[in-house]
Structure formats: structure tokens, C-alpha cells
Amino acid sequence: MPLPKRKSYKSEDYWNLPEGQRAELINGHLYDMSPPNFRHQKLISEFTQIIGRHIKEHD
């Protein structure tokens, strides 16, 4: 859901967001980001371990 303050945002607007505000800047629109949930964090952890093992096994 885009934040409806302006028609177009720039990277400067993104970097000046309040501390802790999670958002993405895509094609001039700022989108609120919700924090990752437990399932997402678990999948990322497992994926990271798989990649790490692959790298160790294949130099």
C-alpha cells in the first residue's frame, strides 16, 4: 500500500524516513513494510544454511 503524501518520492525521501520506519521505494512510490514473520525468518535461516553448506562443499 503506497503512502499517499506525494505523487512521487526520491531516494532522499526514503533515507529521511523516521528511525524504525520500514518501507520500500519502488518506481517513485513508498510502500509500508511489515516486519518479517516467524515463518519467513525460519525459511531464510534454512536457505542460508543450505547455501553455506554448498559453498563449503564446492569451495
Side-chain angles (χ1 to χ4, degrees):
M1 165 173 76
L3 301 173
K5 291 185 181 178
R6 286 194 213 160
K7 291 183 180 184
S8 183
Y9 290 92
K10 297 179 181 178
S11 61
E12 181 179 328
D13 300 313
Y14 171 82
W15 292 112
N16 288 318
L17 288 171
E19 183 75 27
Q21 172 81 35
R22 295 176 54 90
E24 288 185 10
L25 178 62
I26 302 172
N27 295 326
H29 295 281
L30 278 173
Y31 293 88
D32 273 334
M33 289 178 52
S34 58
N37 62 29
F38 177 77
R39 183 177 181 199
H40 176 267
Q41 295 293 81
K42 180 134 176 72
L43 288 171
I44 293 299
S45 175
E46 290 177 15
F47 186 63
T48 302
Q49 290 175 27
I50 290 168
I51 290 174
R53 275 195 302 268
H54 179 80
I55 291 170
K56 285 180 181 178
E57 291 171 1
H58 296 91
D59 291 324

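Numbers for residues simply follow the sequence, beginning at 1. Quick caveat: nothing in here was measured; it's all calculated off a predicted structure.
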Co-membership, hydrophobic cluster, residues Met33 and Leu25, 4.5 Å side-chain: no
Throw together a table of side-chain donor-acceptor distances under 3.5 angstrom for residues 39-47, partners on residues two or more places apart or in other chains.
{"from": "Lys42", "atom 1": "NZ", "to": "Glu46", "atom 2": "OE2", "distance (Å)": "3.1"}
{"from": "Ser45", "atom 1": "OG", "to": "Gln49", "atom 2": "NE2", "distance (Å)": "3.4"}

Side-chain (Asp13) to main-chain (Lys10) donor-acceptor, under 3.5 angstrom: yes
Closest approach of Leu30 to Ala23 (non-hydrogen atoms, all atoms of both residues): CD2-CB, 4.3 Å
Qualifying salt bridge (charged side-chain N to carboxylate O under 4.0 Å, His left out) pairs with a residue from residues 18-31, counting only residues at least two apart or across chains: none
Residues forming a salt bridge (Lys or Arg N to Asp or Glu O under 4.0 Å) with Glu12, sequence neighbours excluded: none
Please list every donor-acceptor pair under 3.5 Å in which a side-chain atom of residues 52-59 meets a protein atom from a residue at least two apart or in another chain.
{"from": "His54", "atom 1": "ND1", "to": "His58", "atom 2": "ND1", "distance (Å)": "3.3"}
{"from": "His58", "atom 1": "ND1", "to": "His54", "atom 2": "O", "distance (Å)": "2.9"}

Gap between atom CG of Leu17 and atom OH of Tyr9 - 0.5 Å precision: 8.5 Å
